[in-house]
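Every chain is numbered from 1, with letters handed out A, B, ... down the list of sequences.
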Amino acid sequence: MKIFIEKDKKNIEKKFFGKTFDLLKLLNINPETVLVVKNGELISEDETLKDSDTVKILSVISGG
Amino acid sequence: MGNCSKCKEKAIFLNPNFCKKHFIDYFENKVKKTIKDYGLFSKKDKIAVACSGGKDSTTILFILKKSGFNVEALAINEGIDSYRNHTLVDLKKFCKENKVKLKVVSFKEEFENTLDEMLKQRKNPCTVCGIFRRNLMNRYSKDYDKIVTGHNLDDEAQAVMMNLFTANVDLLDKSNPKSKKIKGFTQRIKPLYFCSEKEVAAYALLKGFEVGFTECPYVHKAFRHDVRSALNNFEEEHKGTKLNILKKHLKNISKIKTSSESIAYCSECGEPSRGKICKACKLLSEIQSFK
C-alpha cells in the first residue's frame with residue numbers, strides 16, 4: 001500500500017490489509033489528530049483498506 | 001463498516017457517524033446553534049472575521065458569508081517566513097472567489113520588524129506574537145460590531161487546561177463563546193467553540209477549501225503544543241474529554257464572580273490596558289531600545 005504521511009512529508013510503502021484504525025495504530029498515529037483519504041475520498045477509521053489502495057494521512061492540526 | 005446515523009450511506013466521519021452530506025449539515029447546524037444559543041450576533045452586526053488563511057478561520061468566514069451575515073476579513077501578517085506568506089496567498093484567493101473584502105495589516109508596517117526579526121532579540125515567539133496580534137486585531141476592528149475568530153473546541157479546551165496548569169484564574173473567563181463587552185475592546189466571538197479541530201478539518205476538506213493544514217514553525221516552542229498532545233491522548237482513551245472540559249468550564253464560570261477589574265487606557269497609544277502603558281507599547285519600546 002502506498003501511504004503519504006503529511007505531517008512528516010513522507011511517502012512509505014507497506015503491506016497492509018485491515019481497518020484504517022489498525023493502520024494508524026501500526027504507524028503510531030493518534031486518530032484524533034488526522035483525517036484519512038483513500039483513493040481521493042475522505043474515509044472513517046472504520047473503513048477496510050486493501051493493499052492496492054493509495055492512502056493519505058492528513059494532519060488536522062494547523063496554526064499555532 | 002459504520003453507516004451514517006441519518007441514512008444508509010457509508011459514514012465518512014465517526015462519533016458522530018455521518019456520510020458526507022449529513023456531516024456538512026451537522027457541522028453547519030452546530031455552528032448556527034452556537035450562534036443562536038449564545039446570542040453571538042445578528043444580521044444587523046458588521047462583523048470582522050480574523051483570518052489567517054488556515055482551515056478554522058476560512059471555514060467560519062465561509063459559513064457566515066453563506067448564511068448572509070455582513071462579514072469582512074481581517075488578516076495579520078506577522079512575518080513568519082515560509083508559513084504566513086503561503087496561508088495569505090490562499091486567503092486572498094478565497095476572499096476574491098467568495099467576494100469578501102479583505103484587509104491585511106503587517107507587523108513590519110506597524111511595528112517596524114517582522115516576527116522573525118523580533119525573535120532575534122526575544123525568546124518566546126508566542127508571547128511576542130500574541131501581544132502584537134491582539135493589539136492589531138483590536139485596533140483594526142474598531143469600525144465593526146464584533147470580531148469573530150476561528151478558535152475551535154480543541155483550542156478552547158487547551159486554553160482552559162493551560163490556565164489551570166498555571167493557576168491563572170484571571171484568564172479563565174476568556175474561554176467563552178463570546179467575550180464580555182468592555183469599552184475600548186471589540187467584542188470577540190468564537191462560533192466554532194463546540195466544533196472539534198478534526199470536525200473543522202473534515203469540513204474544510206469536504207468543501208475543497210485550498211487551505212494548508214500547516215503548523216506555525218514556532219509551535220514546538222509553545223506550552224500549548226504539549227497540552228494539545230496530552231488532551232488528544234486523553235481523547236483517544238476517553239471519548240468526549242475535550243467537550244466535557246468546556247461544558248464543565250462554562251458551568252463553573254457562570255457561578256464564579258470574576259473581579260470587575262477597572263480598565264485604563266494606554267498613555268502611548270490609547271488602547272485599553274491594565275497599566276499606564278499597554279503591553280504592546282512596552283514590548284515595542286523594549287525591542288526598539290535593543291537596537
With sequence neighbours excluded, tell me which residues meet ring pair (Phe, Tyr, Trp, His ring centres under 6.0 Å) with B/H225. B/H220
Those residues at least two apart in sequence (or on a different chain) that pass side chain to side chain contact (heavy atoms under 4.5 Å, CB included) with A/D8 are A/I5, A/K10
Basic-acidic side-chain contact under 4.0 Å: A/E41, B/K20: no
For chain B, which residues of residues 23-32 of chain A have heavy atoms nearer than 4.5 angstrom: A/N30, A/P31, A/E32
Measuring heavy-atom distances to chain A, does B/I80 have an atom under 4.5 Å in its side chain, in its backbone, in both, or in neither? neither
Quick check on A/V34 against chain B: is it the side chain, the backbone, both or neither that has a heavy atom closer than 4.5 Å? backbone
Check side chain to side chain donor-acceptor pair (under 3.5 Å) between B/K190 and all other residues, then give those that pass, not counting sequence neighbours. B/E156
Parallel, tilted or perpendicular: rings of B/Y26 and B/F23 (30°, 60°): tilted
Interchain contact, B/N152 with chain A, by part (heavy-atom threshold 4.5 Å): neither
If you measure from the Lys or Arg side-chain nitrogens to the Asp or Glu carboxylate oxygens, is any gap between B/K108 and B/E117 under 4.0 Å? yes
Quick one: do B/K21 and B/E9 make a salt bridge, cutoff under 4.0 Å? no
